[in-house]
Amino acid sequence: METKEFTFKGFKMNGFMALFLFLFVLAGVAAGCFVYGGVAGCVLGSVLTVLWIIMNCGYMQLEPNEARVMVFFGKYKGTFSETGFFWVNPFLDKKKLSLRARNLDVEPIKVNDKIGNPILIGLVLVWRLKDTYKAMFEIDAQTMASAGVASAGGKEVSVGNAVASRMNAFENFVKIQSDAALRQVAGQYAYDDNETQTGELTLRSGGEEINEQLEQKLNERLAMAGMEVVEARINYLAYAPEIAAVMLRRQQASAIIGAREKIVEGAVSMVHMALQKLEADSVVELDEDKKAAMVSNLLVVLCADESAQPVLNTGTLNH
């Protein structure tokens, strides 16, 4: 997507050099008011005092991964991102932004999966500002930040508080868009593979593929605001409380059925092996009826949940 951001090309001066030069202005103020005296001296001193106050508004400092959006009476003049202490035109509005990565933990929300089951799903993501022009002028973050400052009492705030309010407005925008992206992705897949075709991607088994799609959807939504998602991961996934008990019983039933299938498969194999061994070693000759009875008894013993209670046949007593 095309960007309108460009680097600030206006006049800038090292802040310490500017501070040294303005000391001469301060000396001129003192000389005009106290040395020369008279009307002319007072007027000169007053003019230099106003000039000195205005010039003091031009100082600014930037740390790594910070930027200043420079606006001159409503016109965008570029983005200043060079670290250090500088002096620029004091009539420039220097809007400070942080380019550092930020975490956002989205609380679990209730959505319907592909087959309509209500589930709870949450995510954690890492995001940062990428395009300062879009972040400041493509979305109404400044109004949201001003509303946040006003709700704090309407008092004059420092630059740090203004930056915090502006970044909180960006974070609120990211939170709302991540909620929408999470609902979109979760609605495309089933919770698990109990009611889907074998091999079909699900929220539980998707892993990295689901996270990559979520990250892609988020970047598509946040591109207009000059933000990018560095990483997005689902960190909470569960059935909604109203169906959690039913789904737990279904999972238990599926587990029991799977276990029974393994038990029966093993029991049949063992019975088959026992019959073959008896015939191979000529231990006993069994007709078809006795084989059927033996198979039935062995299957009952091997597939039973409890230990078998043997009954010994001692034969008959002749009186």
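Quick note: numbers below take in every heavy atom, side chains included, and nothing from hydrogens, waters or symmetry partners. Predicted model only: the values in this text are computed from it and were never measured.
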- request: Kindly indicate, with the supporting measurements, whether the criterion side-chain contact (heavy atoms from CB on, under 4.5 Å) is fulfilled by V69 and L97.
  value: CA-CA 8 Å; V69 177; L97 296 175; 3.7 Å; yes
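- The distance from the CG atom of N168 to the CZ atom of F173 is 15.5 Å, given to the nearest 0.5 Å.
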message: Run W87 and F22 through ring pair (Phe, Tyr, Trp, His ring centres under 6.0 Å) and show every step you take.
response: CA-CA 11 Å; W87 184 90; F22 294 157; 5.5 Å; yes
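- A side-chain donor-acceptor contact under 3.5 Å links S178 to the backbone of V174.
- One hydrophobic cluster holds both M55 and F16 under the rule that ILVMFWY side chains link at heavy-atom gaps under 4.5 Å.
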- request: Show the numbers, then the answer: is there a side-chain contact (heavy atoms from CB on, under 4.5 Å) between C57 and I54?
  value: CA-CA 6 Å; C57 298; I54 293 175; 5.7 Å; no
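- For the pairing with I121, the side-chain contact (heavy atoms from CB on, under 4.5 Å) check across L237, D113, N235 returns one residue only, L237.
- For the residue pair Y189 / Q213, a side-chain donor-acceptor distance below 3.5 Å is found, with atom types taken as modelled.
- Closest approach of A181 to L218, counting heavy atoms only: CB-CD2, 3.7 Å.
- No salt bridge links K134 with E5; every basic N to acidic carboxylate O contact stays at or beyond 4.0 Å.
- K94 and N89 make their closest contact through NZ-O, 4.3 Å (heavy atoms, listed as atom of the first residue, atom of the second, distance).
- For the ring pair (Phe, Tyr, Trp, His ring centres under 6.0 Å) test with Y133, the passing option among F6, Y76, F8 is Y76; the others fail.
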- prompt: Does the side-chain contact (heavy atoms from CB on, under 4.5 Å) test come out yes or no for M70 and D93, once each step is laid out?
  reply: CA-CA 6 Å; M70 316 298 278; D93 188 3; over 6 Å; no
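- The structure places CZ of F91 at 6.0 Å from CZ of F73, a figure rounded to the nearest 0.5 Å.
- For the pair F80/K12, a side-chain contact is recorded, criterion being any heavy-atom separation below 4.5 Å from C-beta on.
- At least one side-chain heavy atom of I234 sits less than 4.5 Å from a side-chain heavy atom of L214.
- With rounding to the nearest 0.5 angstrom, the CD1 atom of I119 is 8.5 Å from the OH atom of Y239.
- When atom types are taken as modelled, the side chain of N219 and the backbone of E215 share a donor-acceptor pair closer than 3.5 angstrom.
- By the 4.5 Å heavy-atom criterion applied to side chains, L19 and Y59 are counted as neighbours.
- Hydrophobic clustering (side-chain heavy atoms under 4.5 Å, transitive across Ile, Leu, Val, Met, Phe, Trp, Tyr) keeps I263 apart from M273.
- A donor-acceptor contact shorter than 3.5 Å links the side chain of R100 to the backbone of P64.
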- request: Take E82 and L62 through the side-chain contact (heavy atoms from CB on, under 4.5 Å) test and state the conclusion after the steps.
  value: CA-CA 7 Å; E82 186 176 348; L62 267 78; over 6 Å; no
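- Within the 4.5 Å cutoff, the side chain of N14 has no heavy atoms near those of the F86 side chain.
- Side chains of I210 and V185 form a contact here, defined as non-hydrogen atoms less than 4.5 Å apart.
- Clustering ILVMFWY residues whenever any of their side-chain heavy atoms sit less than 4.5 angstrom apart, transitively, puts L120 in a cluster other than the one holding Y191.
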task: Let me see the working for K175 and D179 under salt bridge (Lys or Arg N to Asp or Glu O under 4.0 Å), right down to the final yes or no.
output: CA-CA 6 Å; K175 184 177 181 180; D179 185 289; over 6 Å; no
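- When all heavy atoms of L129 and S98 are compared, the pair lying nearest together is CD1-O, 3.5 Å.
- Considering all non-hydrogen atoms of both residues, I139 and A135 come closest at CG1-O, 3.6 Å.
- In this structure, L201 and E209 have side chains that are in contact, with non-hydrogen atoms separated by less than 4.5 Å.
- Proximity of F11 to M13: side-chain heavy atoms (C-beta onward) are separated by under 4.5 Å at one or more points.
- Annotation: the span from T79 atom OG1 to D131 atom CG amounts to 7.5 Å, rounded to 0.5 Å.
- Distance CE/M17 to CZ/F20: 9.5 Å, rounded to 0.5 Å.
- Looking only at side-chain heavy atoms (C-beta outward), K96 and M60 stay at 4.5 Å or farther from each other.
- Taking OG1 from T132 and CZ from R68, the interatomic distance works out to 13.0 Å, rounded to the nearest 0.5 Å.
- In terms of the ring pair (Phe, Tyr, Trp, His ring centres under 6.0 Å) criterion, F72 has no residue partners (sequence neighbours excluded).
- Connection of M270 to V264 is established within a shared hydrophobic cluster, with ILVMFWY side chains joined at heavy-atom distances below 4.5 Å, either directly or through further cluster members.
- In this structure, V126 and A101 approach most closely via the heavy-atom pair CG1-CB, 3.9 Å.
- A continuous path of hydrophobic side-chain contacts links F137 to L99 [ILVMFWY only; heavy atoms under 4.5 Å].
- Summarising the local packing, CD of Q188 is surrounded by more than 12 heavy atoms from other residues, nucleotides or ligands at distances under 6.0 Å.
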Side-chain donor/acceptor pairs under 3.5 Å, residues 221-231, sequence neighbours excluded:
| unit_1 | atom_1 | unit_2 | atom_2 | d |
| --- | --- | --- | --- | --- |
| R221 | NH2 | Q184 | OE1 | 3.2 |
| E228 | OE2 | R128 | NE | 2.9 |
| E228 | OE2 | R128 | NH2 | 2.5 |
| E231 | OE2 | R233 | NE | 2.7 |

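- With hydrogens and angles disregarded, a donor-acceptor distance shorter than 3.5 Å links the side chain of E66 to the backbone of E63.
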